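I am attaching a structure below and will ask some questions about it afterwards.
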Amino acid sequence: MPPVDRLMENPHWNWMIVVYFFLGGIAGGCAFISGLAALFGGERMRPVLRWTALIPFPLLSISGILLIADLGRPERFWHMMIQNRTGWPMFKYWSPMSYGSWLLLIFSGLAFVNFVAVIIDDRQGGFFGRFSWLPRLIRGGVLGTTFQVLLMVFGYLFGSYTGALVAATNQPIWSDSTMLGALFFISGVSAALSLLILLVGWRSHDHAVVHQLETADNWAMLLELAIIGLFLVLLGGIAWPFLRHRYGITLLVGTVLLGLLVPLLLHWQPRLLGRVTPVLAASLALIGGYALRYSIVYAGQEIPIDGRMQG
Amino acid sequence: MAQALGFYTDTTVCIGCKACQVACHQWNDLPAELAEQPTGPDHPGETRPLTGMSYDNTGSLSDLNWRHVKFIEKSQASDGTLSYLPTDASRENLQWLMMSDVCKHCVQAPCLDVCPTGAIMRTEFDSVYIQQDVCNGCRDCVAACPFGVIHMGGPENEGKGIAKKCTLCYDRLQHSLAPACSQACPTASIQFGPIEELKTRAEARVEQLHSMGMSEARLYGADETILGGLNAFYLLMDEPEVYGLPSNPKVPARNVGPTNLWSLGTAILMGIAGLVSFRKRRMDTFAEQRREVR
Ligand code: SF4
């Protein structure tokens with residue numbers, strides 16, 4: 001290849017985007033699990049539902065701040081939603097960045113309602129007492145079920161759109177695979193389950209619930225392993241230059257080994273390292289989820305693959 | 001829409017004078033990029049040094065260089081080995097490939113496709129234009145453009161800025177003037193006009209070159225195979241990659257559907273797994289078992 005300038009430019013999506021993908025993934029995963037727990041889990045799942053209501057909104061708030069701070073002109077963030085010249089809504093269903101902005105907005109709204117409902121529940125009476133209808137409204141009956149289904153659907157859409165966002169480019173690795181939406185989604189679910197295992201295990205002593213979360217997490221991790229395998233197979237010839245690079249090694253060691261295989265082993269042998277075993281498994285799974293975002297986000301921007309990028 | 005206008009660049013007659021670059025800077029009021037210049041009181045107004053890559057002194061397109069003349073020094077030894085390094089002392093049969101690079105104003109423009117603010121628009125001349133008061137600097141277009149055309153510039157947010165690139169001299173076109181670069185090009189390497197007319201001219205030129213024995217002459221982006229056609233297309237004398245052009249750039253939106261289908265499949269599988277794991281009866285049985293163990 002001649003030494004002409006690079007073919008692709010690097011969009012410089014840096015740590016803010018990595019953290020956003022990670023936190024957003026957990027928020028989406030939490031909402032997805034919340035729906036499953038509410039619809040199928042019964043009374044016992046109450047501590048889980050409490051956390052799945054408390055976690056997403058703060059994470060989404062941080063996400064919003066990161067996304068805005070990352071813009072070249074942060075004060076123009078609203079141009080994603082409203083056309084500044086006409087005042088009409090701005091929406092492109094074929095651009096993940098465009099529909100993703102709407103997803104973030106709507107999902108944040110739903111997460112806010114869910115979050116506030118728990119606060120109202122906790123502080124009955126006084127100022128909050130006036131809103132005691134809200135938790136009742138979104139927890140029971142047809143409306144409650146609809147709300148949970150909506151949360152679950154938006155959790156899934158939000159958790160997966162980031163993969164479509166990077167796929168809808170011309171960057172190497174990102175645009176060479178259609179598996180990243182599935183991968184980011186399932187990794188978000190697994191990270192959310194790990195976080196829930198930590199929090200529910202810490203505050204409640206219902207081992208049955210923790211065990212069920214671990215069972216679900218095992219499924220999520222097995223699915224994630226399968227999707228990583230498929231992702232690498234579908235990358236074809238460029239999988240090798242990727243895996244050889246430090247970002248590929250991050251994926252293999254950080255995500256596959258430490259974030260998936262070791263936690264699976266620890267779930268299978270819960271007494272292997274004594275009392276810390278479940279905490280260690282969940283913490284490693286969370287680290288693995290972060291390593292995945294880090295590896296993919298930087299790999300697509302920095303690995304010189306078939307001459308498209310010059311490191 | 002008025003008829004599609006654009007550039008046909010015949011690289012065989014480019015002499016590397018960079019008049020197009022200068023004209024672009026002048027008309028668009030773009031300062032020279034001084035980043036690599038020696039600084040300090042001892043070097044007032046020094047001209048920009050060469051990059052070491054042939055006669056190139058700007059390196060690539062950038063937020064301030066909306067045109068960039070590429071200098072590709074290709075040599076082929078008697079055993080067939082190719083070399084592109086100007087510093088390679090053993091070079092033989094030197095061939096100088098020069099090409100004035102610019103935004104391709106793609107018919108299916110990836111940058112325009114993904115732009116979430118609507119800042120990137122298609123003009124009545126079928127060119128692709130970035131509205132500076134709309135762009136908020138998300139950089140999705142940078143990731144989407146397969147030619148590395150868009151760069152972020154401006155003093156905002158520690159140099160992240162907003163998206164900059166060739167406008168096909170939109171302001172000049174609106175007043176029936178040709179873009180500054182094509183007007184300045186002394187060899188008619190950069191030709192401007194209605195795309196259909198340019199295509200006919202380019203095809204005739206390729207035929208002429210073929211009849212002269214230069215079978216390697218080819219058009220790049222003149223037909224619809226590359227992003228629906230490029231409104232700035234090229235006559236090249238080698239593989240596109242030699243000029244730093246991708247042979248198969250992709251429309252970003254093509255990935256969205258399949259990616260979402262895989263995600264949906266995964267969500268359904270995880271939904272079933274969650275259902276199995278969270279079933280109330282299962283949980284009660286497990287709690288029961290634990291009680292019995294105790
Ligand atoms: S060459 Fe790049 S910047 Fe120009 S229209 Fe095509 S995608 Fe957009």
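The shown structure was predicted, so the numbers you read here are calculated from the model rather than taken from an experiment.
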If every non-hydrogen atom of A:S177 is compared with every non-hydrogen atom of B:T259, which pair is closest and at what distance?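 Minimum heavy-atom contact is O-OG1, 4.5 Å.
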
I'd like to know which of A:G159, A:G35, A:G100, A:G181 tops the heavy-atom pair count under 4.5 Å against chain B.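 Top count of heavy-atom pairs under 4.5 Å with chain B: A:G181.
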
Which pair of non-hydrogen atoms, one from B:V256 and one from A:Y99, has the smallest distance, and what is that distance?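 What the structure gives for the nearest pair is CG1-OH, 3.8 Å.
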
Can you say whether B:C115 sits under 4.5 Å from chain A via the side chain, the backbone, both, or neither, judging by heavy atoms?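 For B:C115, backbone and side chain are both near chain A.
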
Looking at CG of B:N260 and CG of A:L157, how far apart are the two atoms once the value is rounded to the nearest 0.5 Å?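 Reported value, rounded in 0.5 Å steps: 8.0 Å.
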
Nearest-0.5 Å distance, OH of residue A:Y156 to CE of residue B:M270: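 These two atoms lie 14.5 Å from each other.
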
Within residues 221-235 of chain A, residues adjacent to chain B where the heavy-atom gap is under 4.5 Å: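 At a heavy-atom separation under 4.5 Å, chain B is reached by A:L223, A:I227, A:L230.
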
Hey, could you give me the CE/CZ distance between A:M8 and B:F147, rounded to the nearest 0.5 Å?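 Reported to 0.5 Å precision, the distance equals 10.0 Å.
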
Heavy-atom cut-off 4.5 Å, strictly under: side chain, backbone, both or neither for B:L97 against chain A?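 The answer is neither part of B:L97.
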
Shortest non-hydrogen contact from B:C138 to A:M97?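 The answer is SG-CE, 3.6 Å.
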
Let me know if A:W78 has heavy atoms under 4.5 Å from chain B in its side chain, its backbone, both or neither.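 Neither part; nothing is under 4.5 Å.
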
Toward chain B, the part of A:F184 with a non-hydrogen atom under 4.5 Å: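 It is neither, since no heavy atom gets under 4.5 Å.
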
Choice from B:R254, B:Q131, B:E239 maximising heavy atom contacts with chain A below 4.5 Å: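 Most heavy-atom pairs within the cutoff with chain A belong to B:Q131.
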
Residue pair B:F278 / A:L213, side-chain heavy-atom distance below 4.5 Å: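 Touching, per the 4.5 Å side-chain cut-off.
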
With heavy-atom distances below 4.5 Å as the criterion, would you say the side chains of A:W13 and B:D140 are in contact?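 A side-chain contact exists here, since the closest heavy-atom pair is under 4.5 Å.
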
Can you tell me which of A:W219, A:W174, A:Y161 forms the most heavy-atom pairs within a distance under 4.5 Å of chain B?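 Option with the greatest count: A:W219.
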
If you measure from CZ on B:R139 to CG on A:D70, what distance do you get to the nearest 0.5 Å?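 That separation rounds to 4.0 Å.
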
Is B:K250 salt-bridged to A:D176, cutoff N-O under 4.0 Å?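 Yes, B:K250 and A:D176 are salt-bridged.
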
From OG1 (B:T266) to CE (A:M179), nearest 0.5 Å: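 Taking OG1 in B:T266 and CE in A:M179, the distance rounds to 6.0 Å.
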
Contacting moiety of B:P258, where chain A heavy atoms sit under 4.5 Å: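 It is both, since atoms from each part get that close.
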
What's the shortest heavy-atom distance between A:R85 and B:D133, and which atoms?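 The pair with the smallest heavy-atom distance is NH2-OD1, 2.7 Å.
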
Are any of the side-chain heavy atoms of B:T117 and A:R76 separated by less than 4.5 Å?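 No, their side chains stay 4.5 Å or more apart.
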
Which bit of A:F91 is near chain B, if near means a heavy-atom gap under 4.5 Å: side chain, backbone, both or neither?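 Neither part; nothing is under 4.5 Å.
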
Which one wins on heavy-atom pair count under 4.5 Å against chain A: B:A143, B:A119, B:C135, B:P110?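 Ranked by heavy-atom pairs under 4.5 Å with chain A, first place is B:A143.
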
What option among B:N136, B:V114, B:V142, B:V251 has the most heavy-atom pairs under 4.5 Å with chain A?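 Option with the top pair count is B:N136.
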
Side chain / backbone / both / neither for A:L193 at chain B, heavy atoms under 4.5 Å: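 It is the side chain, since no backbone atom gets that close.
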
Residue among B:G274, B:G265, B:P146, B:S83 with most heavy-atom pairs under 4.5 Å to chain A: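 Going by pairs under 4.5 Å, I would pick B:P146.
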
Atom of B:D113, atom of A:S95 and distance for their closest heavy-atom approach: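 Heavy atoms only, the tightest pair is O-CB, 3.7 Å.
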
So, for A:H79 and B:V134, which heavy atoms are closest and what is the spacing to 0.1 Å?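 Looks like ND1-O, 2.7 Å.
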
What distance separates A:N170 CG from B:L227 CG, expressed to the nearest 0.5 Å?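 Taking CG in A:N170 and CG in B:L227, the distance rounds to 7.0 Å.
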
Residue A:M90 versus chain B: region with a heavy atom under 4.5 Å: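 For A:M90, side-chain heavy atoms alone lie under 4.5 Å from chain B.
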
